[in-house]
Every structure is written in C-alpha cells, then in structure tokens.
2 protein chains.
Amino acid sequence: MITRTVPDIVVGRLPRYLQALEHMHREGIKTTSSQELGEAIGISAAQIRKDLSQFGEFGKQGTGYSVAYLVEQLQAILKLTTIWDLALVGMGDLGNALARYQGFAEHGFRITAAFDNDPEKIGKEVAGLIIQDSREMKRIIPQLGIKIAMLTVPASVAQSVAEELVDAGIRAILNYAPISLNLPNEIHVENIDPIIKLQHMTYYLD
Amino acid sequence: MITRTVPDIVVGRLPRYLQALEHMHREGIKTTSSQELGEAIGISAAQIRKDLSQFGEFGKQGTGYSVAYLVEQLQAILKLTTIWDLALVGMGDLGNALARYQGFAEHGFRITAAFDNDPEKIGKEVAGLIIQDSREMKRIIPQLGIKIAMLTVPASVAQSVAEELVDAGIRAILNYAPISLNLPNEIHVENIDPIIKLQHMTYYLD
DNA sequence: CGTTTTTTGTGTGCATTTTCACAGAAAAAA
DNA sequence: TTTTTTCTGTGAAAATGCACACAAAAAACG
C-alpha cells in the first residue's frame with residue numbers, strides 16, 4: 001500500500017467535516033452526501049470527496065455517507081479515539097475562561113494541569129483544577145504524560161514559556177499569545193489570535 | 001493602473017507581517033529585510049517580497065525595509081488608520097474575558113457595545129461596558145455604526161443571533177461558536193475554535 | 001573611485017490545490 | 001425486470017500558489 005503524505009491543508013479541513021457531521025448526528029440525520037455536507041460548511045462537494053478519498057472509501061454510490069460511520073472514521077484518522085490530556089499555562093482571564101469551557105471534555109480533551117507563575121494564583125482552584133507553580137511544569141508534565149499545551153500567557157514571556165514546555169516534553173502548542181513562537185520544527189504550533197483575524201476582515205470593509 | 005484582486009491568502013498573511021513588524025518597532029529596530037522578517041515568522045523571504053509587491057514597492061535594494069514605514073503602509077492597506085467599533089455578543093466566560101482584553105484597544109479596535117439575552121446579566125457592567133439586552137441590537141448597532149461583531153454565544157443559538165446581527169447591519173463576524181455559520185456571501189466570517197485546532201494537531205501526534 | 005556585498009522586485013517555471021466530468025455502483029422508479 | 005436517478009471515487013485539466021534565480025539599485029568597503 002502506498003501511503004503518500006496527506007497535505008496539511010487537507011488534514012486541516014477534516015475537523016470541520018467532523019464538526020458538521022457530529023452536528024448532523026445529534027440532529028438524528030443518518031445519511032448525508034458530499035453535496036449536503038459541502039453546503040453546510042461552504043466547501044465544494046468535489047473537494048470533500050477528494051479529501052476523504054485520501055484516507056479510504058467511506059461512501060456508497062447512490063446513497064452517500066453514513067453519518068455515524070464517517071464520524072467514527074474521521075475520529076480514528078484524527079486520533080480522537082482516546083482522551084488527550086492538556087496543560088493550560090497562564091491563568092489570566094482567558095486561561096480561566098478556557099478552564100471552565102465544557103467543549104474540551106465534550107470532545108475528548110481533558111485539562112489535566114493548570115499553571116501560573118503568580119504566587120497569588122498558585123494553589124487556587126478553578127473548575128476543579130488546582131493552579132500549580134509553573135516552575136513545576138518540567139516535573140509534572142512528563143509525569144502525567146501530557147503532550148499538548150494551551151499557552152495563555154502574556155506575549156512578553158510566551159517564547160520562553162513555550163521553550164520550557166518543549167523542554168518538559170510538550171509536542172503541540174495551541175498558542176493564544178499574540179506573537180510568533182520560534183520552536184523546533186517537530187513541535188506543532190497553532191495560533192489563535194483575534195487581532196489577526198479582525199485585521200484580515202477589515203481589509204474587506206470600508 | 002491594473003488593480004487585479006489580491007488573493008485572500010495573501011491578505012491573510014499581512015496581519016502576521018504587521019504583528020512581527022510592530023514587535024520590531026517596539027524593540028527599536030529601524031530596518032529589516034525580507035529574510036529577517038521571514039525568519040521571525042517562519043515564512044520564506046521570497047514569499048514576503050511577492051506578497052508586498054502586490055501593493056507597491058516598500059523596500060530599498062541593499063537596505064531592506066524601514067520598519068516604521070512598512071508598519072504604516074500595512075496599516076493603511078488593512079484599513080487600520082481609524083478606530084473600528086466592535087459589538088460583543090454573548091457575555092459568558094469568554095465574552096467577559098474578551099471584554100477585559102487590552103489587546104483590542106491597543107490595535108485600534110474598541111468594544112463599543114456588549115449584548116446578552118440573560119436578564120441576570122443585562123445592566124451589569126464589565127470592563128466599563130454596560131451589558132445590553134440583545135433584543136436591542138437591531139436598534140443600537142446601526143445607531144453606533146458598528147460593522148464588526150464578535151460572537152460568543154452558545155452554538156445552539158449562534159446561527160439565529162448571527163442572522164440578527166446581519167439584519168442589524170453587521171458586515172463581518174468573528175465567530176467563537178463551534179458551528180459553521182450560513183450567511184450571505186458578502187458577510188465576512190472568521191472562525192476561532194480551539195477544538196478544531198486541537199484536532200488538527202492530534203493528527204500529527206501519537 | 002571602483003569593487004564587493006546586500007537586498008529588492010519580478011519573470012519564469014514548478015508544485016500544489018481545486019475543479020471538472022464521467023464511469024460505475026447502488027437505489028429508486030417505472 | 002428494466003430504466004432512470006443518485007451519488008461516489010478518481011483521472012485529467014485548470015487554476016492557484018510558491019520558490020528560484022537574477023538584473024538592478026543601493027550601500028559598504030578598500
């Protein structure tokens with residue numbers, strides 16, 4: 001079997017397919033087509049079929065896709081069949097909001113450890129988590145086997161904290177700090193920055 | 001002058017260039033090159049030059065780019081020379097965190113109105129904003145001339161609230177709800193969903 | 001002052017991504 | 001049963017995006 005590498009741009013669309021399919025599943029929809037799915041998320045039917053064909057044949061001609069089956073398959077492709085532990089680093093307003101967000105648990109992500117460097121915050125509880133001293137990251141993260149971190153610290157310290165996380169064994173970082181992190185290539189970084197998104201949109205407005 | 005449309009993917013990179021350049025500016029760096037800028041944000045130098053060349057000639061051979069000048073030019077291109085008013089809709093944990101975030105004001109975005117439909121929340125103050133009844137959106141948003149909204153309501157009501165926003169004259173939505181919004185083509189929507197980003201990353205982990 | 005170095009802007013071609021369009025399979029209709 | 005309709009998976013074509021490489025301009029150097 002030839003397993004050529006799937007383009008990252010394709011991988012990036014899979015979670016959107018999954019999101020829409022899970023929504024259909026909750027609505028009780030049993031079957032869908034590339035056409036219908038495409039209309040739901042604003043992607044062409046051909047694109048969806050091509051993307052999925054990278055991983056196998058999940059549909060049936062004349063019928064389309066079983067929603068439940070395709071959800072299952074996408075979850076397997078995206079490695080969502082086990083629970084992923086997350087470290088939450090930086091317990092300001094945003095860190096607190098994320099700690100309380102139910103969506104993570106609902107999708108198989110569990111915030112297992114929360115860190116901050118502020119002595120005022122260390123020891124406090126947020127959403128069932130005790131905030132720990134960020135100097136303990138190097139010890140605690142490997143102990144719990146955490147591979148993914150969400151970084152919600154001020155931009156001024158984001159780079160150095162990110163390096164500490166990598167040093168502690170973190171392999172993927174969801175970066176909320178408004179700065180480009182410079183890390184080894186094997187570390188996967190995704191950025192969430194509302195300013196960047198707003199500035200993208202203002203280009204098209206008057 | 002031929003003004004062919006600039007690809008959206010190029011527009012999407014400009015805010016990242018601007019972010020890095022503003023950082024350099026704060027650091028007191030007067031001049032940079034496409035090479036240096038590229039290394040800072042992980043984009044090839046040729047790519048940056050090609051992107052910028054879509055809008056004009058901002059550099060000088062042998063020297064590179066004046067940081068201050070390029071910041072100015074990018075701000076002008078992205079229409080960031082005036083203050084943009086924002087509506088914040090949905091005052092849960094995330095809405096509250098965004099209301100308190102200083103980054104918007106620092107980049108010329110001003111949250112001018114905050115809405116919720118919960119009688120418990122209406123009338124309360126958050127970060128200097130009085131939370132208003134979301135039934136008033138249709139009246140208040142046009143009155144204040146607000147064009148951009150940040151949507152932080154539960155997924156179950158996001159679509160209908162988004163439609164109300166469009167009806168009230170909103171032209172761009174930064175959508176934090178974990179659902180694809182279905183809106184007229186002329187409305188610009190950007191999504192921020194940590195689950196989607198995490199699922200993208202887990203593909204690459206074991 | 002001439003030579004070397006730096007660095008831009010861009011033409012060209014390669015690579016990637018998307019769309020098109022159709023054979024074939026399944027289901028629905030007749 | 002036969003015909004028509006639906007809808008996938010996929011080669012091929014089209015479109016888009018990116019990297020290379022270089023002339024030309026400016027600066028630095030000696």
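For clarity, every value in this text was computed on a predicted model and none was experimentally measured. The sequence lines fix the lettering, A, B, ..., with proteins before strands; numbering per chain opens at 1. These values consider heavy atoms only, across backbone and side chains, with no hydrogens, waters or symmetry-generated copies.
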Show me the donor-acceptor pairs, under 3.5 Å and distance only, between side chains in residues 141-150 of chain A and residues at least two apart or in other chains.
none

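- Annotation: ring pair (Phe, Tyr, Trp, His ring centres under 6.0 Å) contacts involving residues 21-56 of chain B, sequence neighbours excluded, are absent.
- Between B:Tyr101 and B:Phe104, the angle of the ring planes goes over 60°, which puts this pair in the perpendicular group of the 30/60° scheme.
- Taking the salt bridge (charged side-chain N to carboxylate O under 4.0 Å, His left out) definition, one finds that B:Glu72 meets it with nothing, sequence neighbours left out.
- Of the possible polar contacts, none joining the B:Thr32 side chain to the B:Val67 backbone as a donor-acceptor pair under 3.5 Å is found.
- A heavy atom closer than 4.0 Å to some atom of DNA chain D occurs in A:Ser33, A:Ser34, these being the qualifying members of residues 26-38 of chain A.
- Formation of a donor-acceptor pair under 3.5 Å by the B:Thr152 side chain with backbone atoms of B:Val89 is found in this model.
- Taking all atoms of both residues into account, the shortest heavy-atom contact from B:Leu88 to B:Gly95 is CD2-O, 3.3 Å.
- Taking every heavy atom of both residues into account, A:Arg171 and B:Tyr204 meet most closely at NH2-O, 4.4 Å.
- Looking only at side-chain heavy atoms (C-beta outward), B:Leu80 and B:Leu74 stay at 4.5 Å or farther from each other.
- A donor-acceptor contact shorter than 3.5 Å links the side chain of A:Asn96 to the backbone of A:Met91.
- By the 4.5 Å heavy-atom criterion applied to side chains, B:Ile41 and B:Arg13 are not counted as neighbours.
- A:Lys138 pairs by the side chain to side chain contact (heavy atoms under 4.5 Å, CB included) definition with A:Asp167, A:Ala168, not counting sequence neighbours.
- Every residue two or more places apart in sequence or in another chain that forms a salt bridge (charged side-chain N to carboxylate O under 4.0 Å, His left out) with A:Asp133 is listed here: A:Arg135.
- A rotation axis mapping the C1' atoms of four pairs onto the next four is fitted at both ends of the helix from C:dC1-D:dG30 to C:dA30-D:dT1 over five pairs, and the angle between these axes is 10° to 10 degrees.
- Under the ring-ring contact (aromatic ring centres under 6.0 Å, His included) criterion, A:Tyr203 pairs with no residue, sequence neighbours left out.
- Along DNA chain C, read 5' to 3', the first and last nucleotides having any atom under 4.0 Å from a heavy atom of chain A are C:dT17 to C:dA27.
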Considering only distance and modelled atom types, tabulate donor-acceptor pairs under 3.5 Å from the side chains of residues 176-186 of chain B, sequence neighbours left out.
unit_1	atom_1	unit_2	atom_2	d
B:Ser180	OG	A:Arg16	NH2	3.3

The contact string for nucleotides 11-21 of chain D, one letter per nucleotide 5' to 3', using protein heavy atoms under 4.0 Å with B, S and - for base, sugar-phosphate only and none, comes out as BB----SSB-B
Polar pairs (N or O, both sides) under 3.5 Å between protein and nucleotides 24-30 of chain D?
unit_1	atom_1	unit_2	atom_2	d
D:dA24	N3	B:Gln61	NE2	3.0
D:dA25	O4'	B:Gln61	OE1	2.3
D:dA26	O4'	B:Gln61	O	3.3
D:dA27	OP1	B:Lys60	NZ	3.3

